[in-house]
Asker: 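I have a structure here, written as structure tokens, and I will follow up with some questions on it.
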Amino acid sequence: MSYFVKVLADVLGVLYQNTGAALLLAALAMCIYILGKKQGAGPVVQAWIRQFRTNSSFRNCFFLIFYTGIILFHTLLCQKISGNPLANISGNWGIYDTARKLYTDNAVNFLMFAPLIILLFQAREEKDHTKKMPVQQVLVQGTEISFSISLGIELCQLFLKIGRFQLTDLFFCTLGGVAGGTLYWGYGRFRKKITEYIKELGGWNIRLWKPLTEKEIEEKALGTVDMTEDVETEADSAKEETQEEDLDPRYEAIEALVREAGDKLRNARPGEENIHKKEGLANFCTDYDTEIQRFLIAGLSEILPGAAFFGEEDTEGNSGALAEGEFTFYIDPIDGTTNFMFDYHHSCISVGLAHREQMIAGFVYHPYIDEMYVGVRGKGSYLNGRRLTPEDKPVEEGIVEFGCARYNENGIDWLFRVVKDMFQNSLSIRCGGSAALGLCRAASGSNTVYLELKLQPYDYAAASVILEEAGGVITQIDGSPITFHEGCSIIGGTPSAWRESKEAFEKYREEN
Ligand code: IPD
């Protein structure tokens with residue numbers, strides 16, 4: 001026991017003695033990295049702080065240099081010049097020295113090298129996909145790296161006469177490296193289980209979003225729940241029912257109209273004669289887009305006389321970006337026009353309703369599989385009448401969807417860099433071709449997040465309420481609020497996936 005206490009005290013001693021110098025070294029090294037890109041001390045400090053907060057590779061490199069600094073200061077720079085550096089080459093393999101005092105150098109070397117190798121692998125994760133390496137490769141690399149570093153240190157000690165050359169040092173440092181590699185590999189594989197276990201142990205396994213109750217899960221499996229059914233706890237259920245009763249009947253009328261428009265879409269088959277080119281590359285409008293928009297404007301004007309319209313297509317009654325009124329409908333008659341042209345059966349009708357500046361209701365209908373998403377501000381979101389309460393899943397636990405359009409390729413390299421990152425961190429990636437459905441699927445929990453660099457308000461207006469009412473977050477990629485008078489970039493998803501996506505855009509911004 002006293003041996004372990006002594007080892008711990010020695011490790012802490014090493015960390016404590018060398019921390020200040022190593023911290024300075026790491027901070028300066030990362031400043032030099034930033035100086036290569038920026039000019040002037042002010043921007044460097046700001047960029048330093050921003051990078052540290054948002055960029056995980058930057059943080060990894062910082063900690064790696066910091067930790068390497070500790071080892072260097074401990075093993076080389078703080079050593080006293082000794083007599084003969086070749087005395088006792090074999091070193092002491094036991095836990096007592098010649099004076100019968102506890103000898104902890106071997107254990108300290110082992111414990112110092114394990115984290116070093118973990119940090120090194122983490123710093124290379126981004127570039128070399130170390131997370132996916134098989135265990136043999138991790139072990140070989142861990143051995144090679146720790147052996148080379150410790151050999152370098154021992155040779156410096158030998159030739160510069162700042163310590164002793166000892167085989168025990170080489171052996172235990174290398175062993176520490178191998179242990180670090182194994183831990184890194186194992187943690188990469190079992191990270192989820194380990195963190196879940198630790199959270200459970202500490203009682204921190206609280207979800208931000210309310211998880212489904214057992215009854216809800218059962219009902220979900222049977223697919224029997226509708227909006228009026230009792231899906232919450234008893235207290236919540238009473239509240240829900242009142243909300244249902246409170247709901248303006250005009251919302252039901254809008255929903256019925258959107259369904260009708262969906263039937264038109266499902267039954268339509270565009271031929272070449274119905275497809276027209278719009279401005280820009282691969283940008284199309286079909287006669288069905290215009291027809292459905294006209295149908296919606298006529299029907300919605302009856303439901304809410306005096307409302308203004310901001311629709312995608314150029315039809316009468318559509319005041320477009322100039323729409324200004326107490327109430328404004330944002331209409332995308334067919335979101336996923338290209339899919340529609342090629343019979344992909346993945347397009348929808350999207351209608352959002354704004355009261356002055358605030359989007360208050362959204363209706364998105366996927367007619368091919370009869371999925372109706374409805375979100376009403378303050379009353380929740382529903383998919384075919386089923387309340388949406390998805391879990392706050394991070395990117396690594398689900399599917400990421402993104403969108404892009406040939407007529408808008410600004411920043412496309414940046415987007416694809418982020419998408420590659422997301423692909424490597426998630427379970428899979430999709431590009432479905434309908435932004436409204438992509439966002440609604442984040443609301444229902446099918447996607448963790450939806451990303452796109454440029455969309456128009458009618459693409460996301462309806463889905464934004466649905467997502468927010470389901471507990472999700474939707475903003476522009478820099479985190480600023482989405483705009484409804486003009487188009488903007490979009491990240492919409494669970495709070496965790498939204499945060500991670502924002503960080504990914506930030507991380508690759510400078511490379512763009
Ligand atoms: C398009 C779709 C697509 C997105 C494009 C949008 P449209 O809308 O939402 O997923 O990537 O940027 O323009 O033209 O099919 O209504």
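Nothing fancy with the numbering, it's 1 onward along the sequence. Each ligand, and each atom within it, is numbered from 1 in the order the structure gives.
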Asker: Any idea which protein heavy atom is nearest atom 14 (O) of ligand 1, and the distance to it?
Answerer: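 Looking at atom 14 (O) of ligand 1, the protein heavy atom closest to it is E312 OE2, 3.3 Å.
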
Asker: Under a 4.0 angstrom heavy-atom cut-off, which atoms of ligand 1 come close to C404?
Answerer: 11 (O)

Asker: Does an N or O from A435, backbone or side chain, lie closer than 3.5 Å to an N or O of ligand 1?
Answerer: yes

Asker: Return the OG1 to NE2 distance between T286 and H276, rounded to the nearest 0.5 Å.
Answerer: 7.5 Å

Asker: Among all protein heavy atoms, pick the one closest to atom 3 (C) of ligand 1 and tell me residue, atom and distance.
Answerer: G433 O, 3.4 Å

Asker: Atoms of ligand 1 less than 4.0 Å from D332 heavy atoms?
Answerer: 16 (O)

Asker: Near S434, which atoms of ligand 1 are under 4.0 Å from a heavy atom of that residue?
Answerer: 9 (O), 10 (O)

Asker: Can you list the residues that meet the salt bridge (Lys or Arg N to Asp or Glu O under 4.0 Å) rule with E291, with sequence neighbours excluded?
Answerer: none

Asker: Within ligand 1, which atoms have a heavy atom of T337 less than 4.0 Å away?
Answerer: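 In order of numbering, the contacting atoms are 7 (P), 15 (O), 16 (O).
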
Asker: Would you call the rings of F309 and F329 parallel, tilted or perpendicular, where under 30° means parallel and over 60° means perpendicular?
Answerer: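 Rings of F309 and F329: parallel, under 30°.
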
Asker: List for me each residue that meets salt bridge (Lys or Arg N to Asp or Glu O under 4.0 Å) alongside D287, sequence neighbours excluded, and say none if there are none.
Answerer: none

Asker: Which of the numbered atoms in ligand 1 are under 4.0 angstrom from any heavy atom belonging to E452?
Answerer: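 Per the distance check, 4 (C), 5 (C), 11 (O), 12 (O).
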
Asker: Roughly how far, to the nearest 0.5 Å, is the OG1 atom of T448 from the CG atom of N425?
Answerer: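 Answer rounded to 0.5 Å: 10.5 Å.
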
Asker: Would you please classify the geometry between the F484 ring and the Y460 ring as parallel, tilted or perpendicular, with 30° and 60° separating the classes?
Answerer: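 Ring orientation, 0 to 90° scale: tilted.
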
Asker: Which atoms of ligand 1 have any heavy atom of D335 under 4.0 Å away?
Answerer: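 This gives 1 (C), 2 (C), 7 (P), 8 (O), 9 (O), 15 (O), 16 (O) as the contact atoms.
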
Asker: With only distance considered, is I334 within less than 3.5 Å of ligand 1 through an N or O on each side?
Answerer: yes

Asker: Would you mind running through ligand 1 and noting each atom that sits below 4.0 Å from a heavy atom of G336?
Answerer: 7 (P), 15 (O), 16 (O)

Asker: In the protein, what heavy atom is nearest to atom 13 (O) of ligand 1, and what distance, to one decimal place, separates them?
Answerer: Y407 OH, 2.4 Å

Asker: Once you measure the plane-to-plane angle for H346 and H366, does it fall in the parallel (<30°), tilted (30-60°) or perpendicular (>60°) bin?
Answerer: perpendicular

Asker: Nearest 0.5 Å, what's the CG-CZ distance between L467 and R441?
Answerer: 14.0 Å

